[in-house]
Amino acid sequence: MQLPNSDELEIGFLSRLFDNKSECYKLFWFQAIVNKAVEGKTVIFYDELINEMITDAWYMVTEYHLNLGPADTLEMLVNHIFSTSKIKSSEKKENLISYLQNCEDQEVKRMKRTLTYHVPYRLQAPFLPLKGSEWNVSEKNLAAKINQHRRLMYYFIEISGMSSAIEIQPEWYSYIVRNQEILKGWIGHNLILYLQKRNPGVPGIPDKLYPPRERNLDKVKKYWKAILSISPVSEIFEGERLEINDMAIDHFIPWSYVAHDELWNLHPTTKSINSRKSNYLPEWNRYFPSLCALEYEACQLVWKYDNIHDIFEKCMKEHISIGSVKMKLYYENISKEEFSRNLEEIMFPVYQSARNMGFRDWI
């Protein structure tokens, strides 16, 4: 991805910020700098930047269980706060920031401090001629050494634990604010590549960087309501007979893992059960056979009634994105055995991967 040029700045060095990223810290630290610059700040304290890093990583770790790296301190810090604070994964950013600013948890303070030991200095390595052992000095000595070099993005104006501060240089501040959308896209692109490497087999990484957009399942609801109007349907978890006015659409494998609304993973249930199930994984051997039976019977009605077929075709355009899935599941005269076998081939690897990522079973 090409960054905007500048006659005044070393954009070539900027483009190399993430060349060596065995951990995620550089990505989140620079993203925090961009966010704060966009807010109008040029002098920024370490504590502000670490709080910003925590909030940027919050949802992807607490909701999606994404792995940020081996023994990653940022991930451990987020999980510690999540388990001890009772803050929701969907909490508003400003509330989370407020909590972090007032938090007296000594473990939180310790881990936040750990995150500042290297990345504030190492981020600008492409701008600096420092080699090997030259980096291995105290923070104050390293900051003083770095401050001797010209044309850096930021300089250190105070080294005092979490009260340490950086100052973004005026020409870099103008560049960041002017090109903020491109820079955010560039950071996001690099973050996706990093997370895909750390989370092999996890689908929908680009959709898991931030809280989800509001999803529209109207066509799926219309499809199942049409089926309910013709044939009685019992939901798969408790066998309760569904009523049109008390129907909700559930993702069998949680949306927070798959990050899509594919029809093969959607089924009707009651509003109460949908709320209780939340982001848990239904126990496979107990519930998958019921899901197969329900989905198969619905498919039979698609080919039996023209009005359901018309609704299904409209639903399919929006909720079946892979052509091979349509060919395996949604065709006339498919046997129940073949339908169940093909659905399991599609779903079970995704289900197992979600379990491996820490999603818990639900009965």
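Source: prediction; values computed, not measured. Atoms considered below: every heavy atom in the structure, side chains included; atoms not considered: hydrogens, waters and symmetry mates.
Note: Y175 and W172 have perpendicular aromatic rings, judged against thresholds of 30 and 60 degrees for the angle between ring planes. Taking the six-membered ring where the residue is Trp, W284 and F288 present parallel rings, their angle staying beneath 30° rather than reaching 60°. Using the six-membered ring where Trp is involved, F252 and F237 have ring planes that are parallel, under 30° apart on the 30 and 60° scheme.
Residue-environment remark: CZ (F45) stays at or below the threshold of 12 foreign heavy atoms within 6.0 Å. Surrounding NZ of K184 are more than 12 heavy atoms belonging to other residues, nucleotides or ligands, all under 6.0 Å away. Around OH of Y331, the count of heavy atoms belonging to other residues, nucleotides or ligands within 6.0 Å exceeds 12. The neighbour count for E345 CD, taken as heavy atoms of other residues, nucleotides or ligands under 6.0 Å away, is above 12. Shown here is K326, whose NZ atom has no more than 12 heavy atoms of other residues, nucleotides or ligands within 6.0 Å. Residue D306 places its CG atom among 12 or fewer non-hydrogen atoms of other residues, nucleotides or ligands, all under 6.0 Å distant. Environment of NZ in K219: sparse, with no more than 12 heavy atoms of neighbouring residues, nucleotides or ligands closer than 6.0 Å. The number of heavy atoms from other shown groups lying within 6.0 Å of NZ (K109) is above 12.
Two rings, from Y154 and F156, have their centers less than 6.0 Å apart. Between W29 and Y25, the gap from one ring centroid to the other reaches at least 6.0 Å.
Looking at every heavy atom in both residues, L266 comes nearest to W224 through O-NE1, 4.4 Å. Of all non-hydrogen atoms in Q31 and I187, the two that sit nearest each other are OE1-CG2, 3.6 Å. Of all non-hydrogen atoms in N216 and E318, the two that sit nearest each other are O-OE2, 3.9 Å.
In this structure D56 satisfies the salt bridge (Lys or Arg N to Asp or Glu O under 4.0 Å) test with no other residue, sequence neighbours excluded. Partners of S89 under the side-chain contact (heavy atoms from CB on, under 4.5 Å) rule, at least two apart in sequence or in another chain, are Y59, T62, E63, F82.
Residues V137 and Y117 fall into different hydrophobic clusters, defined by Ile, Leu, Val, Met, Phe, Trp and Tyr side chains chained together at heavy-atom separations under 4.5 Å.
Ion pairing of K131 with E134 is absent here, as no side-chain N (NZ or NE/NH1/NH2) approaches a carboxylate O to less than 4.0 Å. Between E75 and R198, no side-chain nitrogen of the basic residue sits less than 4.0 Å from a carboxylate oxygen of the acidic one, so the salt-bridge criterion is not met. A salt bridge does not link E297 to K304: none of the charged side-chain nitrogens sits closer than 4.0 Å to a carboxylate oxygen. Comment: E139 engages R113 in a salt bridge, judged by a side-chain N to carboxylate O separation of less than 4.0 angstrom.
Residue I157 shares its hydrophobic cluster (ILVMFWY side chains chained together at separations under 4.5 Å) with V43.
S174 contributes no side-chain N or O that, together with a main-chain N or O of E171, makes up a donor-acceptor pair within less than 3.5 Å.
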Is there a side-chain contact (heavy atoms from CB on, under 4.5 Å) between Y194 and F18 once you walk through the steps? CA-CA 10 Å; Y194 176 86; F18 308 134; over 6 Å; no
Could you go through the salt bridge (charged side-chain N to carboxylate O under 4.0 Å, His left out) check for R341 and E344 one step at a time? CA-CA 5 Å; R341 183 173 61 252; E344 183 169 8; over 6 Å; no
